[in-house]
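Bear in mind that the values here come from a model prediction, so they are computed numbers and not experimental data.
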Amino acid sequence: MDYNFSTFEKKWQQYWLENKLFASEADRSKPKFYCLDMFPYPSGSGLHVGHPEGYTATDIVCRYKRARGFNVLHPMGWDAFGLPAEQYAIQTGTHPAVTTKKNCNTFRRQIQSLGLSYDWDREINTTDPAYFKWTQWIFIRLYNTWFDTELQKGRPISELPIPETVKDGGVQDVQEYIASKRLAYYDNAQVWWCNHCKTVCANEEVLNDGSHEKCGTKEVERRFLKQWMLRIPHYAERLLQGLEGLDWPAGVKDMQRNWIGKSTGAEVDFVVEGLPEKLKVYTTRPDTLFGATYMVVSPEHGLVNELVTPENKDAVDEYIQAAALKSDLDRTELAKEKTGVFTGRYAINPLTGKKIPIWVADYVLMGYGTGAIMAVPAHDTRDFEFAKTFGLPVDCILDPGNAAGELREKIIAGDACWTEDGAYINSANPELGLDINGMSKQKGIETVINWLEKNNLGKATVNYKIRDWLFSRQRYWGEPFPIIHWEDGEVSVVADEDLPVELPETNKYQPGDSGESPLSNVPEWLEVVDENGRKGLRETNTMPQWAGSCWYYLRFIDPKNDEEPFSKAKENYWMPVDLYIGGAEHAVLHLLYSRFWHKVLFDLGIVSTDEPYQKLFNQGMILAFAYETASGSKVTSDMVEEKDGKYFHTQTGEELKQIVAKMSKSLKNVVNPDDVVEKYGADSLRLYEMFMGPLDATKPWTDTGVKGVYNFLKRVYSFFAEKENITDGTDDKETLKVLHQTIQKVTDDVEGLKFNTAISQMMIFTNHCYKKGKVSRETAETFLKVLAPFAPHISEELWVQYGNGPSVSQQAWPEVNEKFLEEDAFEYPVSFNGKMRYKFSLPLDMPVPDIEKAVHAHEMSKKWIEGKQIIKTIVVPGKIINVVVK
RNA sequence: GCCCGAGUGGCGGAAUUGGUAGACGCGCUGGAUUCAAAAUCCAGUUCUGGCAACAGAGUGAGGGUUCGAUUCCCUCCUCGGGUACCA
């Protein structure tokens with residue numbers, strides 16, 4: 001019986017589609033399971049083999065869950081706004097919508113060719129006005145929400161209390177006050193600008209090396225532009241706390257915690273000589289205040305002009321200008337050498353009463369804390385470097401004790417820096433009633449904060465690294481903001497009933513050099529007039545690509561609703577997402593943004609859960625083998641030949657080294673899923689993607705590996721399609737045991753997302769069938785039910801060959817019968833001093849003393865016991881026997 | 001620098017409340033089938049020594065706990081990911 005997958009794979013895909021076998025509706029009588037894939041950006045190059053990895057995993061889980069009686073929601077859609085389609089439009093004049101539609105069609109065809117059990121009636125597209133209408137609707141909700149820090153909760157802007165002092169200032173002041181509290185606001189912001197893409201980008205889109213994540217060029221710089229921002233830091237604590245109850249990889253939680261960057265410390269006010277203003281600093285080490293020997297303000301600090309004395313003005317101005325011209329990249333690249341300049345001004349250390357100089361230096365960032373620090377060079381490495389560079393005093397106030405070893409003397413002398421715990425020295429001022437000498441770090445911090453608060457010089461403070469989210473782009477192909485700027489300065493949102501604000505037709509997609517969006521070139525769209533004849537301009541920025549993916553999981557619940565984003569009853573049934581699988585590259589941004597929006601919607605009573613994604617799993621990257629010469633230069637795969645496990649250049653004959661690298665066109669090692677489906681079938685592709693290794697591991701693709709699973713399916717087909725192999729009788733004990741072990745193992749492994757070992761168990765079962773030659777029809781059908789989630793096409797095909805009606809996908813999952821797994825004897829491995837020497841079968845119910853006797857008397861034991869003394873014998877029933885001899 | 005994760009045959013990988021290291025697959029070797037090849041089926045395959053029985057070594061390196069360690073603890077090395085003047 002030949003395994004001609006191509007004769008039936010298409011047939012079954014069509015059957016599933018036409019009969020809507022995987023469509024689901026909210027149904028309270030059944031338990032629900034919402035299983036979500038991170039939806040793709042439909043690029044022009046089509047699916048790569050990384051996509052089906054996660055999709056197959058969720059598909060197996062969904063098919064399994066259905067068989068277990070769950071009502072499964074398993075949707076797919078397109079995150080289709082984005083730069084490539086727009087770049088293509090600039091080059092060719094093709095409207096991005098046209099390109100997008102074409103790419104979506106390719107993606108849909110490719111995904112459907114893998115037999116994935118999506119409910120295609122729920123397909124969504126972020127670029128569809130019927131979808132982004134609601135993205136705009138949510139933006140309006142963000143705009144009309146403020147965060148009540150007291151309640152730690154977002155509330156409607158109509159509930160915002162306006163202080164009397166603000167009211168006294170008039171309407172303008174009230175409007176400004178309200179604007180300052182909205183979660184979405186419009187402001188002049190220093191932002192990253194990419195000269196290549198002609199748009200701003202978020203901080204997080206600019207990589208460490210100063211290149212833009214999206215285009216890879218280093219043409220990014222700082223600019224001041226009017227921008228939309230979202231106040232995500234208000235939700236920092238909620239976003240941090242919310243992680244606790246989630247079933248997410250620990251690494252992703254760590255990365256989010258890291259990104260939020262909570263730190264606790266204190267704000268301290270320093271008196272400045274000759275100025276009425278105090279200089280406020282933030283420090284996590286208020287305990288080291290006795291050691292503060294100078295202060296630093298960032299070049300952008302608001303007080304710099306007051307601080308600088310006339311004789312130092314030129315030098316400081318020059319420094320500030322130079323710092324402003326430097327990109328952040330330059331600042332960090334030159335991080336090894338600290339720069340700075342003295343303002344000429346002194347502050348007073350509140351504990352020592354000493355005059356300490358105030359410097360300006362760019363190692364202090366304006367965006368964190370108060371933009372000013374107290375410098376404790378003896379106990380902070382950055383301050384230490386700075387102090388050494390500029391010859392500032394280093395006063396040690398913490399004795400490291402023996403922990404520092406030989407370093408200790410240098411530290412105490414101020415010639416080295418110590419940031420760990422120790423015992424304080426020189427840290428007392430009897431006049432002020434403060435003495436922390438001898439205390440440990442923890443105690444010291446508490447004591448100093450208490451003292452500062454009592455004396456009104458400072459207070460305990462919490463700080464977060466997370467910044468406001470830059471939420472606008474100067475591009476065409478994105479969601480328009482539902483915002484109008486009126487000629488009198490008022491900013492208003494478009495009324496809900498006037499949504500969506502659609503994109504205008506244009507043929508000029510090229511953004512301006514100074515930050516104008518292409519939308520500003522379309523006057524008939526841009527200019528509006530209200531009923532009173534007041535003129536206004538629409539917001540010409542568009543939303544970033546993150547916007548559409550922030551809430552798509554909610555739209556899947558009710559994708560065709562044009563009255564509301566989704567029905568509340570349906571949301572209540574399906575949420576939260578029970579399993580969310582996607583790449584680790586979204587560990588921070590997408591998942592954090594999405595959680596933020598969700599929490600706002602939760603606070604406003606629009607969704608019923610505080611968190612959107614209950615369980616998250618990251619599939620690993622699929623890599624490919626690549627080849628390089630001894631000097632490290634890469635060789636494309638078509639120039640490589642293998643001989644006896646070694647690799648050689650086909651032209652030069654040079655021996656090459658096999659390495660593992662990302663698939664890339666330049667290395668010519670990209671694997672196209674279409675080719676694999678064509679050659680080996682969809683079931684083989686699915687099975688191989690799962691068999692390669694653990695789902696979360698990065699692993700290299702090999703064609704021989706695909707052949708391996710293809711061979712397995714071929715064996716399955718030729719055995720189970722051969723009528724002579726299938727009997728009407730019953731099976732022997734051994735076969736039933738392997739069958740039920742297989743049900744057990746596959747069940748456990750699917751629950752644990754360990755598909756590779758599930759497949760290996762199915763291989764063991766198949767090998768067993770070959771050894772037996774014949775199995776009962778009942779056993780064969782049971783096996784097909786187990787195989788079906790992994791290789792659905794072949795399972796359907798064999799299922800009907802047994803005279804069953806379609807479909808195996810609608811059969812209940814088989815139950816394990818423990819009776820077939822029970823054993824009455826166990827073949828014990830017998831060890832002597834921990835080394836296994838022989839095996840010995842004994843009844844499982846044999847008492848331990850009898851086992852010991854039997855082992856000591858065993859023929860094979862003689863050799864190991866002779867001339868030695870038995871110290872003891874360890875028997876773990878059903879596991880192992882170990883005899884300790886001497 | 002800091003925070004995660006991972007190092008197991010020729011290769012992908014399996015096994016962890018501490019209990020037979022190398023399941024399953026690839027590759028390789030031998031056999032059957034064939035005029036022959038492909039395909040398929042069967043057997044073998046951690047390394048070293050030995051015809052074999054068997055013995056010794058063995059999960060990145062070194063140390064420790066234990067009757068017993070791939071699994072737990074300490075020190076170190078290598079690789080991958082994240083992050084970096086965040087006071």
Using the [atom1] atom as the reference point in each nucleotide, state the distance between [N] and [M] in Å, no decimals.
N     : M     : atom1 : value
B:G12 : B:G50 : C1'   : 32 Å
B:G22 : B:U70 : C1'   : 11 Å
B:A21 : B:U59 : C1'   : 7 Å
B:G27 : B:U75 : P     : 44 Å
B:U33 : B:A15 : C1'   : 38 Å
B:G9  : B:U71 : P     : 15 Å
B:A38 : B:A23 : C1'   : 30 Å
B:G13 : B:U46 : C1'   : 14 Å

Which part of the nucleic acid, if any, lies within reach of [X] when heavy atoms closer than 4.0 Å are counted: base, sugar-phosphate only, or nothing?
X        : answer
A:Trp864 : sugar-phosphate
A:Lys745 : nothing
A:Gly251 : sugar-phosphate
A:Asn767 : sugar-phosphate
A:Lys707 : nothing

Classify the glycosidic conformation of B:G13 as syn or anti, calling it syn when the angle lies within 90° of 0.
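Anti, which is what one calls it when the glycosidic angle falls more than 90° from 0.
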Cationic tip of A:Arg595 above A:Trp248 ring, under 6.0 Å, 45° of axis:
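Verdict for A:Trp248: a cation-pi partner in A:Arg595.
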For A:Thr873, run the side-chain hydrogen bond (donor to acceptor under 3.5 Å, both in side chains) check against A:Lys853, A:Glu852, A:His856 and tell me which one passes.
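Between A:Thr873 and the candidates, side-chain hydrogen bond (donor to acceptor under 3.5 Å, both in side chains) is satisfied uniquely by A:His856.
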Hunt down the Watson-Crick or G-U wobble partner of [N], both distances under 3.5 Å, from any strand shown, or write none.
N     : result
B:G68 : none
B:C85 : none
B:C24 : B:G12
B:U48 : B:A55
B:C35 : none
B:G30 : B:C42
B:A6  : B:U78

Could you state the [atom1]-[atom2] distance from [X] to [N], rounded to the nearest angstrom?
X        : N     : atom1 : atom2 : answer
A:Ile466 : B:A84 : CD1   : P     : 13 Å
A:Asp380 : B:G1  : CG    : C1'   : 13 Å
A:Asn258 : B:C2  : CG    : C1'   : 9 Å
A:Met374 : B:C85 : CE    : P     : 20 Å
A:Met295 : B:A87 : CE    : P     : 16 Å
A:Ile871 : B:G68 : CD1   : P     : 12 Å
A:His586 : B:G81 : NE2   : C1'   : 16 Å
A:Phe712 : B:U40 : CZ    : C1'   : 17 Å

Out of [options], which nucleotide sits closest to the side chain of [X]?
X        : options             : value
A:Lys835 : B:A14, B:G58, B:C41 : B:G58
A:Met763 : B:U20, B:C24, B:A87 : B:C24
A:Arg715 : B:A14, B:C42, B:A55 : B:C42
A:Lys863 : B:C24, B:C54, B:C41 : B:C54
A:Ile764 : B:C24, B:A87, B:A15 : B:C24
A:Lys879 : B:C41, B:C24, B:G19 : B:G19
A:Lys699 : B:C4, B:A39, B:G13  : B:G13
A:Ile880 : B:A15, B:A55, B:G19 : B:G19
A:Arg837 : B:G25, B:G56, B:A14 : B:G56
A:Phe691 : B:C85, B:G12, B:C67 : B:G12

Electrostatic pair [X]:[Y] at N-O distance under 4.0 angstrom:
X        : Y        : answer
A:Lys262 : A:Glu237 : yes
A:Lys699 : A:Glu53  : yes
A:Lys862 : A:Glu859 : yes

In terms of relative ring orientation, are A:Trp701 and A:Tyr688 parallel, tilted or perpendicular, with 30° and 60° separating the classes?
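Rings of A:Trp701 and A:Tyr688: perpendicular, as their planes differ by over 60°.
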Once the angle between the rings of A:Tyr363 and A:Phe386 is folded into 0 to 90°, is it parallel (under 30°), tilted (30 to 60°) or perpendicular (over 60°)?
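Tilted.
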Return no unless some side-chain N or O of [X] is found under 4.0 Å from OP1 or OP2 of [N].
X        : N     : answer
A:Asn756 : B:A14 : yes
A:Ser263 : B:A87 : yes
A:Asn711 : B:C26 : yes

Nearest-nucleotide comparison on RNA chain B, the residue closer to the 5′ end among A:Met692 and A:Gly371
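The residue whose closest nucleotide sits nearer the 5' end is A:Met692.
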Given RNA chain B, 5'-ward residue of the pair A:Gly261 and A:Thr704, judged by closest heavy atom
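Nearer the 5' end of the strand: A:Thr704.
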Verify whether the ring centers belonging to A:Phe691 and A:Phe712 lie closer than 6.0 Å.
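No, ring centres 6.0 Å or more apart.
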Measure distances between side-chain N and O atoms of A:Lys338 and base N and O atoms of B:C85, and say whether any donor-acceptor pair falls under 3.5 Å.
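Such a pair is found, so the answer is yes.
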A:Asp683: which of A:Phe5, A:Tyr3, A:Tyr717, A:Tyr710 passes side-chain contact (heavy atoms from CB on, under 4.5 Å):
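Filter result, single survivor: A:Tyr3.
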